[in-house]
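Taking it in order: structure first as C-alpha cells, then the write-up.
Whatever order the structure lists ligands and atoms in, that order sets their numbers, starting from 1. Positions are given from 1 along the sequence.
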Amino acid sequence: MKRSRAIALAGYLGTVVALALLAGRCTPSAPRSAQQRAGATSDAAVAAQKVYVPPGDLDQYYLFASGGHSGNVYVYGIPSMRHISTIPVFTPYPATGYGFDDESKAMLGNLTWGDVHHPSLSETNGDYDGRWLFVNEINGRIARIDLRDFKTREIIGPLPNVSGNHASSFVTPNTEYTFMATRFSIPIPKGTVAPIEKYATDYKGVIAGIKIDPKTGHMTPAYEILMPPFDFDLGDAGKKVSDGWMFFTAYNTERATGKLEVTASQKDRDYVAVVDWRAADKAASEGKGDLIGGIRVMDPKKVPDLVYLMPCGKSPHGVDVSPDGKWIIASGKLQGVTTAFNFEKIQTAIRNKDFVGDEDGIPVLKYESVKEAEVAVGLGPLHTQFGPDGFAYTSLFVDSAIAKWKLGTWEVVDKIPVSYSIGHLSAAEGDTVSPDGNYLVALNKLSHGRHLNVGPSQPESSQLIDITEEKMKLLSDSFTEPEPHYAQIIKTDKLKPIEVYPKEENHHALAVWDVKDAGISRQGGKAIAKVVMVRSTFTPQAIEVTEGETVTIALTNIEQTTDELHGFGLLDYNINVVVDPGETKTVTFKADKPGVFPFYCTNFCSALHQEMQGYLIVKKK
Ligand code: RUQ
Ligand code: CUA
C-alpha cells in the first residue's frame, strides 16, 4: 500500500510536496537496445564494474532491510544488491515452514502479521558485533534474530501500554537496552475507555525500556516512562560522549485529534524527548513507579530527572546521533533545514535548569540554548547517516535527493537525486562509532518506470550509491519487497553463520538419530511420532493414529551436510514444516478428520527426492 501511503503523506505535506512528487516522477524511458547499451557512457561502465560480483565471488557487506508489513527481514549483498535470503519474523513463511511448527507458532501467537520498521544490529563498544539483529513492529513487539543461524529466536510483546511501537528498536552501544515508544496514544492500561474529547489529558504515551541479557540476547521489559499523548516517531541511542542517553522524536505535541495534517501542525516546534536511560534503569531497580497493566510505569511528575523535551522543527521524523556522539541531528519534515543539537549544551542546560516550561512534569529545554547549527540541506529532511570523515548524509523526501554535508562546518557539499521520494538511507556500518563510508543505500518509496511493468502493485526501489569520493555517484537500482523502512549494513567478516546444526548440540527431548528409535508411542493420552528424515526416506513411512487424538510429530533431519534440508508437507491438514540439517522440529495438531493423508518432502534434496513420501492414517473412532 505504499502508493496510497505516499499519496496520504504527500497530502499531509501539502500541495507543494505533491507538485514536487509529480515533478520527480518523470516519464519512464523505453527499454534500451543492446546497441544502445553497448554505447553506454564510461561512467556507467565504471559503475557496472563496481557492483559486479563475478560468479562464485562474494559480496563485501550484508544489508538487512526491514520488510514493512510483509513482516519479514530481507537480506541483500552489497555491492551486488542481490537478494540472498528472507528471514520471516512476524508472518508465517511457508518457504521455511516458519509459523507452522510448534515453536515458531507459539512465538507468533494470535498475530500473523506485523509491520517491521527498524532493524538494529547488536553492538559492543558502539560497533556492530554480528551477534543479533533486533527489529520492531508497530503492534508493540520486538523480535531478536540470531545471526548465527539467521532465525527469529525471540519475540516479546505486545507490551502493556505501548500502542503503535514505531520509535523502536534502537539498541544502546553495548546492547544493554532496546526501546519501544508509543505512536498512537490510548488511555492506559489497555482496555480503559475514554472519549476522544479527553485525548489531551486522558490518553497517554509511554517510552519502554527493555533490558537485554548480554550473554543470551534475551529481552526482559524493565520499565516504562509515562509520557504526554504525543506521537513518538523515531529514536537513536547516544554513543561515546552521549552514551547513557536516548533520543526520540515526537510529532503532534499539540495533543490534537481530528485531521492531524492540520491540527498537529499548529505549533512551530515539536520535540525530541531526551531520556537518561541509566537514571531510568536505576530508578526502576530501586522500585520507583507504579504497576500499570502489569509493568512498572514511572511518572516524571513523581520520578523526576529521567526525561527532558528539546524543541525541534515541527513534525519531525528521524533523529540521528553522530559517530562521536556530540551531535544530535533532527528536523521537521516540512523544513528546508536540519538542526544539529549539541550534546554538551543539552547537558549544561539540564544542569542549569535552563527550562522554558514543562509538559506534564517534563522540563522543556530552550531551543536556542541547545542548538548548534541549522544546516540548509534541502526540502523534506527525514533521516541522517554518517561517513568516516565527518560527513553526514541526509535523505530529502520532498526534494527526492540526498544531501552530503560536513559536521562542524555545517556546509552542504554535494547533492544527488534519487528515484524517487526517499525515506530512510543506510550507510555501511553507518550507525556505529566508526562508519565505513564506501556505500550508501537510498531506500526509496516509489519506483515508477524504473523496472519492467508489473501492474499496479509496484516494488520499492533501493539505489546503491558510491560515497568513496567527494561527489556521490549512483551505481545501481534494485527492487525490494515492500517495504524497506530502515536497513543496516554490516561487514561480512563480522558474521560467522553455521551451515548445519551440530548433532552434539541437539538436545531436543524428541530427537531421534537412528531409524530403529523412530516410531509412534502414546504419552498422557497423546500420540507422539518420532520421525527420522534423511535422503530420501521418512521413517516411519506410515503414522497411524485414531480420530480425535492429539498428535505430535517430531521431525529430526539427521543430515550433517550443508544445504540438505527436508520438508514435511501434510495434505489436508495445512501443515508444512522445513527441518534444517541437524535440527528437530515438532508440529502438534488434532487428528479430527479420519482418512488417509499423504505427506511428502517439500525441499528438493536428492535424485530420489520425489520418492520421499509417506502417509498419516487416521482411523475412525
Ligand atoms: S520510518 S521511512 Cu519507520 Cu522513516 Cu518508514
Ligand atoms: Cu527430502 Cu526432498
Side-chain angles (χ1 to χ4, degrees), residues 1-2 5-6 8-9 12-13 65-70 97 114-120 135-139 142 164-170 180-181 183-184 231-236 248-249 251 315-320 330-331 333 380-385 394-398 400 418 420-426 441-446 460-462 480 482-488 531-539 541 555-559 561 563-569 576-581 583 599-614:
M1 294 297 96
K2 71 272 169 198
R5 230 163 75 188
L9 187 48
Y12 169 77
L13 293 173
S66 76
H69 45 284
S70 77
D115 192 352
V116 179
H117 274 247
H118 312 114
S120 189
V135 284
N136 72 307
E137 75 97 4
I138 304 298
N139 201 345
I142 294 180
N165 176 39
H166 188 266
S168 188
S169 62
F170 322 98
M180 294 193 195
R183 182 166 150 212
F184 315 119
D231 294 39
F232 293 91
D233 205 19
L234 275 140
D236 200 8
F248 298 95
T249 50
Y251 61 93
S315 311
H317 189 51
V319 54
D320 298 281
S331 37
K333 54 184 179 268
L382 292 186
H383 302 280
T384 298
Q385 284 274 285
T394 301
S395 61
L396 305 166
F397 178 83
V398 180
S400 199
V418 291
Y420 309 95
S421 301
I422 183 172
H424 278 262
L425 73 182
S426 177
V441 175
L443 302 157
N444 307 317
K445 298 299 177 197
L446 304 177
E460 272 72 29
S461 89
S462 290
T480 46
E483 154 168 357
H485 289 273
Y486 189 42
Q488 282 189 325
V531 177
V532 167
M533 307 163 103
V534 68
R535 272 164 286 173
S536 297
T537 312
F538 291 101
T539 310
Q541 288 181 23
L555 302 148
T556 303
N557 176 350
I558 66 169
E559 308 271 1
T561 310
D563 237 352
E564 279 301 336
L565 285 64
H566 298 290
F568 180 85
N576 157 51
V577 181
V578 178
V579 192
D580 291 353
E583 198 178 30
F599 57 78
Y600 71 104
C601 175
T602 50
N603 282 55
F604 203 100
C605 51
S606 75
L608 296 176
H609 151 80
Q610 209 70 349
E611 278 77 355
M612 194 164 169
Q613 61 188 57

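Residues Val135 and Ser120 have side chains not in contact (no heavy-atom distance under 4.5 Å, counting atoms from C-beta outward). In this structure, the side chains of Phe599 and Gln541 stay at 4.5 Å or more apart for every pair of heavy atoms. Side-chain contact check for Met533 versus Glu559: every heavy-atom pair is 4.5 Å or farther apart.
In summary, Ser536 places no N/O/S atom under 2.8 Å from atom 2 (Cu) of ligand 2, failing the contact criterion. Taking 2.8 Å as the threshold, His566 does not count as a candidate ligand of atom 2 (Cu) of ligand 2, since none of its N, O or S atoms lies below it. Residue Cys601: an N/O/S atom is found under 2.8 Å from atom 1 (Cu) of ligand 2. At least one N/O/S atom of Met612, whether from backbone or side chain, sits less than 2.8 Å from atom 1 (Cu) of ligand 2.
Those atoms of ligand 1 that come under 4.0 Å of a heavy atom in His317, given as number and element, are 1 (S), 2 (S), 4 (Cu). Listed by number with element, the atoms of ligand 1 under 4.0 Å from a non-hydrogen atom of His383 are 4 (Cu).
Between atom 5 (Cu) of ligand 1 and the N, O or S atoms of His485, the shortest distance is to ND1. Nearest N, O or S atom of His609 to atom 2 (Cu) of ligand 2: atom ND1.
Remark: aromatic rings of His118 and His166 are close, center separation under 6.0 Å.
The shortest separation from a heavy atom of Lys445 to ligand 1 is under 4.0 Å, placing the residue in contact.
His317 and His424 have perpendicular rings, their planes meeting at more than 60° on a 0 to 90° scale where under 30° would count as parallel.
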Item to check | Test side-chain contact (heavy atoms from CB on, under 4.5 Å) applied to Ile422 and Asn444, step by step | outcome: CA-CA 4 Å; Ile422 183 172; Asn444 307 317; 3.4 Å; yes
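Side-chain atoms of Asn136 and His117 form no donor-acceptor pair, as typed in the model, at a separation below 3.5 Å.
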